Protein chains: 2
Amino acid sequence: MEINQIEKVLSNKNELLSATNKCRGDILKMTTLAQSGHPGGSLSAIDMLYSIYLVANIDPKNPYNPDRDRIVISNGHISPAVYSTLGNLGFFDIDEAIATFRLAGSIFEGHIERSIPGVEWTTGNLGQGLSAACGMAVAGRVKGIQYDIFVVMGDGEHQKGQISEARRFAVKYNLKNITVFIDYNKLQISGDISRVMPQNIKDEYIADGWVVLEIDGHNFDEILNAIKMSKNIDRPTMVLARTTMGKNVSFMENIADYHGKPLTEGQLDEALKELGIENNLQYYKDIRSKFVADVSKHTFYRDDLKIDIGMSKIYNTDASLDNRTAFGNAITDIVQLNEDRIAVFDCDLASSVKTDKVEKEFPKNFFQSGIQEHHTATMAGAASVNGVVSVFADFGVFGVDETYNQQRLNDINHTNLKVVTTHVGIDVGEDGRTHQCLDYVGAMRNLYGFKVIVPADPNQTDKAVRFAVKEYGNFLIAMGRSKTPVLADEDGKPFYGENYKFEYGTGDILRDGSIPLITYGAMTLYALKVRELLSGKFDIAVLVFSTPLAPDMELLKRYSGKGVVFVYEDHNRFTGLGAILSQKICAEGAKVKVVTFGADYYPYSGKPADVLKLMGLDPSTVAHKIAENLSK
Amino acid sequence: MEINQIEKVLSNKNELLSATNKCRGDILKMTTLAQSGHPGGSLSAIDMLYSIYLVANIDPKNPYNPDRDRIVISNGHISPAVYSTLGNLGFFDIDEAIATFRLAGSIFEGHIERSIPGVEWTTGNLGQGLSAACGMAVAGRVKGIQYDIFVVMGDGEHQKGQISEARRFAVKYNLKNITVFIDYNKLQISGDISRVMPQNIKDEYIADGWVVLEIDGHNFDEILNAIKMSKNIDRPTMVLARTTMGKNVSFMENIADYHGKPLTEGQLDEALKELGIENNLQYYKDIRSKFVADVSKHTFYRDDLKIDIGMSKIYNTDASLDNRTAFGNAITDIVQLNEDRIAVFDCDLASSVKTDKVEKEFPKNFFQSGIQEHHTATMAGAASVNGVVSVFADFGVFGVDETYNQQRLNDINHTNLKVVTTHVGIDVGEDGRTHQCLDYVGAMRNLYGFKVIVPADPNQTDKAVRFAVKEYGNFLIAMGRSKTPVLADEDGKPFYGENYKFEYGTGDILRDGSIPLITYGAMTLYALKVRELLSGKFDIAVLVFSTPLAPDMELLKRYSGKGVVFVYEDHNRFTGLGAILSQKICAEGAKVKVVTFGADYYPYSGKPADVLKLMGLDPSTVAHKIAENLSK
């Protein structure tokens, strides 16, 4: 953002006045037309929103220019204000936006989506925007590109704790190119914010080390001067903009009900008269009635990022390490080869999740975010659509469970995030059930875009990590805590060695046989023991399905001839691989009995092998149950 | 807590000194014995922890006395400090705790569990304790019982945003009986807190309206006087206790590494010498080696709560309402009948989730928590094990997705929580994908204790709500947003009318036929349309499975004779009822084709019927696909 652009706009405020007045009309038209949406906050935010877009370094003709300024709208329900601003500034056809707002299939959805040029981040669930802005700032820093980031936020949403996490991060890393504008209209759905949840927003920012400016959010001089000032303040700046909900429509002003209620057609007519705008609703109604959904328009911009993943590291069968360390080694390699396009995020667990080597050797690529998982997940997601690949490494319960909705929102944003979780399943040491992530497959299965890889040994871990970093999209790579022997083939050579190439969706025949025991991750070792225990009696094949969301059904078919498959997993029995295979089998109408060994309840705290035994999941109990089953 | 009890303890500080010294020895012994655990923070917290338990109104002989003071340990990893305190105060056999710490099957788990007398809340994942304390305070207020609540927290965990939410709630409701003690040892796993994530903890509390006292956390005068003072302060009070990690063992002091690392046996010997304590490790080793796990000891205290659920309300077939309103009516009835034992929690959506009637008519039972879902979910859970039933009503994306881990932790705590979510599935109005909760079955399926009910119409909603409130345990009741006609039987009478009794796990034959179309919730209506469209060609039975986690397999068997069942759901297709049925079918080795109609990707924003059409989930497309399938 350039100061002289602000000066130019300041010298011609009448234009600003008339443009925002038109936007007000558009906001009211589109919400009345859709018979839903959020006009009240849109009218209170429009003056600053329009001003920011107008002076920011952002080009409607080239909206994905890497060095553009970023504008993040955290309160995504003010979509009418965003669409009217962007449309009137030439990012798209404003009439289409007005006419098709909230129609099924239109890109002009109820809450703003990143598929729209000029929208940097899909929001809707509140409290996410500042974290996303931090991700954009981090990405710029890694890439060595300078730009400004403006975040428009609601006041009510400041109740979300995630914002306090983001505030601290911004101060720690002195992300002084971030300026927050708060639409301080003092109303939320349930009424006055001071009645719903009293909060000293200003003091909270100051306590966290921000600079705070206070302005009238409808006064263009004050708005533009605040933007100008923020440019020269060497800390993150928050602009508390006092505004009026429903501003400039007399009967809407300060009425909380208009947070989420559109005007009737009669009220619209009255409002437009007040604004001095022609009522051409019929024109838009005609367009709306002819709308044909074209879902191919819902595309999400992707950076064309070339990642050098280097050469795989092969661990020999005498190596003694855990999968975490293999991940740590691989990611350190990769960061070294891609220093200007990768960011690694940690939440106070680097030495456990093995990103400490990156921290030490490549501190510019490493971001220590403290015990702030919600913020970090969102930040990592947003960074990953701003020119870097993001790697967020954490324990399973934090990277999957605690941040489940943040990962969902990342997924909706079509991010390029690699979540790497250690300490999944029962293999967490003695930390007990609060730390046992038993749903690393079952939770992620709800998120359409995420791919899940659960490597079986250090060699497969190395290859899976390199694969996932190179491939665009969201991945979860999940692993336990314990040391994991390097798996060998029948000749004693590394099974996932030189000739192995990781392919998403391909299962592996670790040991051949006629009765399939399917497994993945930490249980692979135990499955081999089951096979040993049954050898001579039953001819067990150990099949490794490391991509449980995309099981290798061809392989399964080859081995399910006897009508039964056994699944052995370090996971909730109701939502893991056994459940997934069953659904695929039933969808085809096949007859295959699936016997799943997995956790039926929250486990105990103890050494993994002891806990498995207590739960009837140790190799000898499982072998016994398989034998029993096969002897029926 | 009584002031004279403090005076008594103050007059005999030597006893306190010797007791905490013994605790220090116990802490070191148990962690060395277990070869894992968190000695560093246990030593920094023990002086205040022991002091609090000593003066609190809590009786080892009667640990569940309803008017006891509550002590919540938020940083559950200081379990060695908690066990040594409780054991030495007579809550259980201290030797058993030392000897069996972190052994699989022992109740003395890695992180503290509510199954242990004297432990009020299972923690481990950080940032939860203050929210739990608010729940206990709220429960006391509803019940009209006075008690004090002490919360021991770490400093590092203050990075979690949820704590800021809890702080605000405590001030809004002036929960002045809450006193927070922060173990301010300034170290977290990754080192100095000011380096990991700089934070002005004190200023943040002050900005939020708390009173802050600062003390030396190893000086008993200061600790006890702070407790005494907090009793007379008419606001929530935070005591910032400066402490030393590893306190009193010279070589451990201020070493971050001891956060999560036990001493070797040699180091232990040295440390015990410094403390003047006999090294009797062998004694405990002997007990440990003889330990036999008895999992029946893992029991969780339950209040014996009699809830009067009144009489069901019957809606006639000409009624025009949504399930939300039926819920709102039922819960208002129930609150009226149980004013001293029910709490209803809201996050700024009362008018949408229909708890606004409770807010208006029973304000003492209603808690408006603002846009603070993480805090609210935990608070509601904790209240529900302190003498009230908790009802937390919210949109699906907040009550399920955003608070997924909080619900998991509630479930681990064996709470008695009724989560009621509206706006699930595609039936959310035009708010779009950020607001579409498509995993209300699939996410909860990962949580072992939760039961899920998805009622099909207002009558079933009424009965399900009354059932869930009466039955102990965690429930999710999920419903859409739209008006839902009252379902009628073939005679036009209410299907879920006078003669209907809700039973968990029982499916309903809404319309008979020979080919089963199984559905639930908002899709029930659409399923009836499918049946209509196919009538004359195929004889479709519409079966309603309102408890998808416990599908009625007997009923399914009766209808699956033709080898195919169709499932129609407003849910992620990979994790809903279709997936559950498939797993049960495959577990039995049966041959039934399951054809599931559900969402294959994140939907669009628009009117539900339009969105369904765009996704090929409208009745006519579904009818067409069923016909095609049956004609093969």
Side-chain angles (χ1 to χ4, degrees), chain A residues 36 102 104-105 109-111 124-126 159-162 164-165 168 172 188-190 196-198 200 203-204 207 293 348 370-372 401-402 404-405 408 412 430-435 439 442 445-446 448 572 574-575 579 582-583 585-586 589 591 593-594 601-602 604-606 610-611 614, chain B residues 36 102 104-105 109-111 124-126 159-162 164-165 172 188-190 196-200 203-204 207 293 348 370-372 401-402 404-405 408 412 430-435 439 442 445-446 448 572 574-575 579 582-583 585-586 589 591 593-594 601-602 604-606 610-611 614:
Chain A
S36 75
R102 289 184 162 231
E109 303 211 343
H111 290 77
N125 294 186
L126 294 167
Q159 291 152 15
K160 288 289 292 176
Q162 185 175 329
S164 72
E165 300 179 354
R168 283 188 287 270
K172 175 182 175 186
Q188 61 190 109
I189 297 178
S190 304
V196 176
M197 184 51 64
N200 300 318
D203 289 356
E204 288 187 2
D348 194 28
I371 308 169
Q372 307 194 138
D401 299 319
E402 178 75 356
Y404 177 63
N405 195 40
R408 185 180 74 95
I412 287 175
E430 292 98 333
D431 277 345
R433 60 199 73 165
T434 60
H435 280 62
D439 49 5
R445 198 179 176 207
N446 291 302
Y448 296 103
N572 183 316
F574 309 114
T575 61
S582 300
Q583 191 174 27
I585 289 165
C586 282
K591 182 178 189 316
K593 184 170 181 172
V594 179
Y601 47 85
Y602 297 109
Y604 304 99
S605 161
D610 295 347
V611 175
L614 209 54
Chain B
S36 75
R102 287 184 164 232
E109 304 211 342
H111 291 77
N125 294 187
L126 294 167
Q159 291 152 16
K160 288 288 293 177
Q162 184 175 328
S164 72
E165 300 180 354
K172 176 182 175 188
Q188 61 191 110
I189 297 179
S190 304
V196 175
M197 184 50 64
Q199 179 174 21
N200 300 318
D203 289 357
E204 288 187 2
D348 195 28
I371 307 170
Q372 307 194 136
D401 299 320
E402 178 77 355
Y404 177 62
N405 196 40
R408 186 180 73 94
I412 287 175
E430 292 97 332
D431 277 345
R433 59 198 75 162
T434 59
H435 281 61
D439 48 6
R445 199 179 175 207
N446 291 301
Y448 296 102
N572 182 316
F574 308 114
T575 61
S582 299
Q583 191 175 26
I585 288 165
C586 282
K591 184 178 189 314
K593 186 170 180 173
V594 179
Y601 48 85
Y602 297 110
Y604 303 99
S605 161
D610 295 346
V611 174
L614 210 55

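Sequence lines set the chain letters: A, B, ... in the order given, protein chains first and strands last, and positions in each chain run from 1. None of the values given here were measured: they were computed from a predicted structure.
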Separation between [atom1] of [X] and [atom2] of [Y], rounded to the nearest 0.5 Å:
{"X": "Glu204(B)", "Y": "Glu204(A)", "atom1": "CD", "atom2": "CD", "result": "7.5 Å"}
{"X": "Asn572(B)", "Y": "Asn446(A)", "atom1": "CG", "atom2": "CG", "result": "5.5 Å"}
{"X": "Met197(A)", "Y": "Ile371(B)", "atom1": "CE", "atom2": "CD1", "result": "10.0 Å"}

Between Gly161(A) and Glu165(B), what is the shortest heavy-atom contact and its length?
N-OE2, 2.6 Å
Would you call the rings of His435(A) and His111(B) parallel, tilted or perpendicular, where under 30° means parallel and over 60° means perpendicular?
parallel
Would you mind checking which part of Leu614(A) comes under 4.5 Å of any heavy atom in chain B, side chain (CB onward), backbone (N, CA, C, O), both or neither?
side chain
Suppose we screen for side-chain contact (heavy atoms from CB on, under 4.5 Å). Which residues come up paired with Asp203(B), at least two apart in sequence or across chains?
Ala207(A), Asn200(B)
Go through [options] and name the one with the most non-hydrogen pairs under 4.5 angstrom from chain B.
{"options": "Ser605(A), Gly105(A), Gly589(A)", "value": "Ser605(A)"}
{"options": "Gly606(A), Ser582(A), Gly110(A)", "value": "Ser582(A)"}
{"options": "Cys586(A), Gly124(A), Ala293(A), Gly442(A)", "value": "Cys586(A)"}
{"options": "Asp610(A), Leu126(A), Ile585(A), Val594(A)", "value": "Val594(A)"}
{"options": "Arg445(A), Gln372(A), Lys591(A), Arg433(A)", "value": "Arg433(A)"}
{"options": "Glu402(A), Lys160(A), Arg168(A)", "value": "Arg168(A)"}

Could you go step by step and tell me if Asp431(B) and Glu109(A) meet the side chain to side chain contact (heavy atoms under 4.5 Å, CB included) rule?
CA-CA 7 Å; Asp431(B) 277 345; Glu109(A) 303 211 343; over 6 Å; no
Any heavy-atom pair between the side chains of Tyr404(A) and Asp439(B) that's under 4.5 Å?
yes
Treating Arg408(B) as the side-chain partner and Thr434(A) as the backbone partner, does any N or O pair qualify as donor plus acceptor under 3.5 Å?
yes
Ignoring hydrogens and geometry, is there a side-chain-to-backbone donor-acceptor pair from Asp348(A) to Ser190(B) under 3.5 Å?
yes
Contacting region of Ser164(B) [heavy-atom separation from chain A under 4.5 Å]:
side chain
Selection from Tyr604(B), Phe574(B), Tyr602(B) maximising heavy-atom pairs under 4.5 Å formed with chain A
Tyr602(B)
